[in-house]
Engineer: 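Sharing a structure here in C-alpha cells format.
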Amino acid sequence: MAKYIALFIYNVVLHLLAIVFTILLNIVPLLNAPVSWTGIYKYHQPLVVNMLATTGIDIITSTLIISLLCLFSCLINSDAIVIAINAIIIFMGRGFSASLLNANLGIDQILKWNPLNMTNLTTQYYNYASYHPTSMLSNNQLFWGTCCYIVLISGLGYLAFRRKRF
C-alpha cells in the first residue's frame, strides 16, 4: 500500500511540475508570443481551465495504469513479466480495445466498458470528435468508468498483496 501511495504522490507531483514548466515556458517566450490563458478554448472554457481539467483527467488515467501495475506486481512474481504486461497495456491497450470494439462481435454494449477502453479518457477529453467513435463512451462515462476501475483494481491489488507469500 505504501508503494501505491508513493506512486500516486509521484504522479501528482510530476503533473504539477508539468504545469509549472508550462507556465514558465509561457512567461519566457522563446519562439512565440505568450499565449492568453484567458482565451476561450475547448468546451467554451478558458485555456487555463482546460489545462487544469486535462491535467486532472490525466492524473486519473495514469492512476488507473498505476493500479494495474500494482495489481499485476502482486499477482505475478516475475518482474520481467510484470513490466512486459504493463508495457503492452500502456502502448497497445487502446488499440486492442478499439480492435475489439470495431470487430462487430455483437456485444459492443459490454465490451465498451473494458478497462483498456478507459485509458482513452485523456485523449478523448481533448479530442472528442476523433476518439468518441473509437471508445463508444462519452467523456462522463469514461470518467466514471475509470474511477470505478481504479477502486476495483486497487481493491483487488490490496487483496492480492495481503495473500501474497514472500
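None of the values given here were measured: they were computed from a predicted structure.
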Engineer: Applying side-chain contact (heavy atoms from CB on, under 4.5 Å), name anything that partners A160, two or more places apart in sequence or on another chain.
Structural biologist: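 Expected list: C74, L75.
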
Engineer: Go through it in stages, so that I can follow the logic: the residues are I66 and F8, the test is side-chain contact (heavy atoms from CB on, under 4.5 Å), and I'd like the CA-CA distance, side-chain angles, deciding distance and then a yes or no.
Structural biologist: CA-CA 8 Å; I66 290 170; F8 180 75; 5.5 Å; no

Engineer: Could you give the distance from CG (L7) to OG (S62), rounded to the nearest 0.5 Å?
Structural biologist: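 Here the rounded value is 10.5 Å.
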
Engineer: Got a donor-acceptor contact below 3.5 angstrom from the N26 side chain to the T22 backbone?
Structural biologist: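 No, the answer is negative, given that no donor and acceptor are paired below the 3.5 Å cut-off.
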
Engineer: Can you list everything that forms a ring-ring contact (aromatic ring centres under 6.0 Å, His included) with H15? Sequence neighbours excluded, please.
Structural biologist: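 Scan of H15 (ring-ring contact (aromatic ring centres under 6.0 Å, His included), adjacent residues dropped) gives none.
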
Engineer: According to side chain to side chain donor-acceptor pair (under 3.5 Å), who are the partners of T61, at least two apart in sequence or on a separate chain?
Structural biologist: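 Side chain to side chain donor-acceptor pair (under 3.5 Å) check on T61 returns T122.
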
Engineer: Please report the closest heavy-atom contact between L100 and L111, naming both atoms and the distance.
Structural biologist: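 Looking at all heavy atoms of both residues, the closest pair is O-CD1, 3.9 Å.
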
Engineer: If I compare all heavy atoms of G93 with all of L116, which pair ends up nearest, and what's the gap?
Structural biologist: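 In terms of heavy atoms, the two residues are closest at O-CB, 3.6 Å.
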
Engineer: Give me the atom names and distance for the closest heavy-atom approach of M118 to K112.
Structural biologist: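 It is CE-O, 3.9 Å.
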
Engineer: Just grab all the ring-ring contact (aromatic ring centres under 6.0 Å, His included) pairs involving residues 68-117, residues at least two apart or on different chains.
Structural biologist: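 Qualifying pairs: none.
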
Engineer: Examine the side chains of D58 and T55 and answer whether a donor and an acceptor come within less than 3.5 Å of each other.
Structural biologist: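 No, because no side-chain N or O of D58 sits under 3.5 Å from a partner of the opposite role on T55.
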
Engineer: What's the verdict on side-chain contact (heavy atoms from CB on, under 4.5 Å) for Q45 and I40, showing C-alpha distance, side-chain angles and the deciding distance?
Structural biologist: CA-CA 5 Å; Q45 298 173 337; I40 302 300; over 6 Å; no

Engineer: Apply side chain to side chain donor-acceptor pair (under 3.5 Å) to S135 and list each qualifying residue two or more places apart in sequence or on a separate chain.
Structural biologist: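 Residues passing side chain to side chain donor-acceptor pair (under 3.5 Å) with S135: Q124.
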
Engineer: Enter the distance from L137:CG to F143:CZ here, rounded to the nearest 0.5 Å.
Structural biologist: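 Output value for this atom pair is 14.0 Å.
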
Engineer: Would you check if C148 and V151 make a side-chain contact, meaning some heavy-atom pair closer than 4.5 Å?
Structural biologist: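 A side-chain contact under 4.5 Å is absent here.
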
Engineer: What verdict does the side-chain contact (heavy atoms from CB on, under 4.5 Å) test give for L64 and I60, after you've listed the backbone C-alpha separation in whole Å, the side-chain angles of each residue and the deciding distance to 0.1 Å?
Structural biologist: CA-CA 6 Å; L64 174 66; I60 291 168; over 6 Å; no

Engineer: How about Y128 and S138: does a side-chain donor come under 3.5 Å of a side-chain acceptor?
Structural biologist: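 Side-chain D/A pair, Y128 to S138: absent.
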
Engineer: With no hydrogens and no angle check, do the side chains of N114 and N117 hold a donor and an acceptor under 3.5 Å apart?
Structural biologist: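 No, no side-chain donor-acceptor pair sits under 3.5 Å.
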
Engineer: Applying the side-chain contact (heavy atoms from CB on, under 4.5 Å) test to I57, which of L142, L121, T146 qualifies?
Structural biologist: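 Between I57 and the candidates, side-chain contact (heavy atoms from CB on, under 4.5 Å) is satisfied uniquely by L121.
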
Engineer: Give, for atom CD1 of I59 and atom CG of L14, the distance between the pair rounded to the nearest 0.5 Å.
Structural biologist: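 I59 CD1 to L14 CG: 10.0 Å, rounded to 0.5 Å.
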
Engineer: State the CG-CG distance between N120 and L101, to the nearest 0.5 angstrom.
Structural biologist: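 Result: 9.0 Å between the selected atoms.
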
Engineer: Using the side chain to side chain donor-acceptor pair (under 3.5 Å) criterion, which residues pair with Y126? Sequence neighbours excluded.
Structural biologist: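 Testing Y126 for side chain to side chain donor-acceptor pair (under 3.5 Å), a comparison that skips the adjacent residues, returns none.
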
Engineer: Got more than 12 heavy atoms from elsewhere within 6.0 Å of CH2, W37?
Structural biologist: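 Yes, CH2 of W37 has more than 12 neighbouring heavy atoms, counting only those of other groups under 6.0 Å.
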
Engineer: Check whether the side chains of Y125 and T54 place a donor and an acceptor atom closer than 3.5 Å, and report yes or no.
Structural biologist: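 No donor-acceptor contact under 3.5 Å links the two side chains.
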
Engineer: Let me confirm one number: the OG-CG distance from S154 to L159, rounded to the nearest 0.5 Å.
Structural biologist: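 One gets 11.0 Å once the value is rounded to the nearest 0.5 Å.
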
Engineer: So if you build clusters from Ile, Leu, Val, Met, Phe, Trp, Tyr with side-chain heavy-atom gaps below 4.5 Å, do I27 and F21 land together?
Structural biologist: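 They do share one cluster, since a chain of ILVMFWY contacts under 4.5 Å joins I27 to F21.
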
Engineer: Would you give the length of the straight line joining atom CG of N86 to atom OG of S73, rounded to the nearest 0.5 angstrom?
Structural biologist: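 The OG atom of S73 is 8.0 Å from CG of N86, to the nearest 0.5 Å.
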
